[in-house]
Amino acid sequence: MTETADLWYKTAIIYCVDVETFLDSDSDGIGDLRGLAQRIDYLAEVGVSCLWLMPFYPSPRRDSGYDIADMYGVDSRFGDHGDFVELIRLAHDRGIRVIVDLVINHTSDQHPWFRASRRSTESPYRDYYVWRDDDPGDTSDQTMFPDEEDGIWTLDEKTGQWYLHHFLHTQPDLNTANPQVRDEIAKMMGFWLQLGVDGFRVDAVPFAISQENLVGVDEHELREPHDYLRALRRFLQRRAAGQGSAIMLGEVNLPHDEQLDFFGGKEGDQLTMQFDFFTNQRMFLALARHRAAPLAEALRSRPRELGAEPQYANFLRNHDELNLDLLEESEQTEVLDAFAPEERMRFAGRGLRRRLPGMFEGDPRRLKMAYSLLFSLPGTPVLFYGEEIGMGENLDVPGREAVRTPMQWTSGKNAGFSTAKPSRLSRPVTQGAFSPEHVNAADARRDQESLLHHITRLAKCCRESPELGWGECTLIDSDSPEVLVHQMGWRGKSMVMLHNLGPEPAVVSFVLQNQEPGAELMDLLSEQSCELDRDRGARMPLDGYGYRWLRILGHGDHRLV
């Protein structure tokens, strides 16, 4: 424990919260910071050690708050800076760190900078954004919202120039090649660090440092765009010195070889962590096929030359659609057919706007196996609010917000989220098979077999197993193609993880060449154990969608099992 404490994020359990939909403390139908503060003990009980807050800044909320109008503010619907500081203090008191969204790619078109920039081509803020004189032509294939936007450039009628926006036209892209913009972003980071945050989840990183659309347009063209990430990391380390390690967790939806550049290569001097989108998408292909091979291939493709500090963040679902754009077209079709058979379940032709329980038709065996798999993968697990109780999506809510419905605390009115009239809620509560009558935190806490208790046990085992966050992953061959067998080893300690991705029982045979005959393998999630035979092999039975966490007991291991 003492050896791993400084890099706390490598053994963390991260939990993402949308303040707007978590808990309403003042009965206005909108979640708020005070409501979230009332549930800090609940999060601590689950095993959360890092809270990630989605945007709570002032915003027109055309894109769930990622269209920010004031990077220093707190939206008055959610509270004020005093409420924010109280939340930080309370979370830290419970041993929970807090990170917030850092949006460096764009602002809202209501931001004072953009309002000033569009008044005149001579505005001192004009260069805060990216403009061009000529018609860009058809760019419909480049927008992130093909259902809502027909391209990534919009004509500003007043000045006759076009401005860049990879997302909605109400989210103009910042010109991060401009030193003044970079200084503004650093100042904003310093502000939130001073209020006590432990780092940032950095939004849409590749877009923020891309020079593809700036070449020949902007006089500040960066010589090396990744230098900007290095500068942010150095600033973060300076400002966070003396108060623990602060992190930058980047959203980088790229294959592993390209993600390596965003870590900073062997130097590891850029992003501290990255979400592993490639492994996530291959995992869902494996789940759709009931075969371990696609996931095993993804794990093998992870860069081996990372140093001690960089870390991957693993997830099943998040606050956006389940994006499949890193899969081949035929593979995307497999996943969509398996988990989103209806067109209304899909998003922009490339993803799913569903939560996991709906995708698995509520099968508790498959859900528990999937979360066991998540927590056992090399890296840091990330949960989206409501995952721990098995919340479903509401397909009547448009777009990606189908998965951002109110947290289901009880079976009562408005799922215990708010005492306001249902018509005043920021978003409607989920109905049907995953409604609060069937899925809520209060009932789950009393049911020892619930998904909530399962994830709580997994979080506890994960926090007690630094092999998972720090260790090297080795894929172990088995005679069962539906079973993933991987070994996590770190400083002489080892664990073997078995997961049956198929619905049928299996007996798995495997060999651990790096262990001695007779070594005892203790299952951390049950009372079972086994020993390696004279050939260093073992056979383990697995139920359909079964799983095992086997710790190899060795001399001098002081951990309780």
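Along the sequence shown, the residues carry numbers beginning at 1. Keep in mind the model is a prediction, meaning the values are calculated, not measured.
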Under a 4.0 Å threshold between the charged nitrogen and the carboxylate oxygen, would [Y] count as salt-bridged to [X]?
X      : Y      : result
Asp320 : Arg404 : yes
Arg346 : Asp337 : yes
Arg282 : Glu297 : yes
Glu321 : Arg350 : yes
Arg233 : Glu309 : yes

Determine whether the aromatic ring centres of Trp192 and Phe200 lie less than 6.0 Å apart.
no

Ring-face cation contact, Trp409 with Arg39, 6.0 Å cut, 45° max
yes

Looking just at side-chain N and O atoms, do [X] and [Y] make a donor-acceptor pair shorter than 3.5 Å?
X      : Y      : answer
Glu437 : Ser435 : yes
Ser64  : Arg400 : no
Ser245 : Trp8   : no
Asp443 : His438 : no

Does some side-chain heavy atom of [Y] sit less than 4.5 Å from a side-chain heavy atom of [X]?
X      : Y      : value
Ile40  : Asp93  : no
Glu482 : Tyr545 : no
Gln281 : Val335 : no
Leu36  : Leu53  : yes
Leu336 : Leu352 : yes

Using every non-hydrogen atom in the two residues, find where Leu475 and Ala296 come nearest and quote the distance to one decimal.
CD1-CB, 4.0 Å

Specify whether Trp52 and Phe275 have parallel, tilted or perpendicular ring planes, treating 30° as the upper limit for parallel and 60° as the lower limit for perpendicular.
tilted

According to the interplanar angle, ranging from 0 to 90°, do the rings of Phe315 and Phe277 count as parallel (below 30°), tilted (30 to 60°) or perpendicular (above 60°)?
perpendicular

Is it true that, when you exclude Arg445 itself, more than 12 heavy atoms of the residues, nucleotides or ligands shown sit nearer than 6.0 Å to its CZ?
no

Using the side chain to side chain donor-acceptor pair (under 3.5 Å) definition, which of the options Arg354, Arg353, Arg355 pairs with Glu393?
Arg354

So the ring pair (Phe, Tyr, Trp, His ring centres under 6.0 Å) pairs with at least one residue in residues 356-389 (sequence neighbours excluded) are Phe339-Phe360

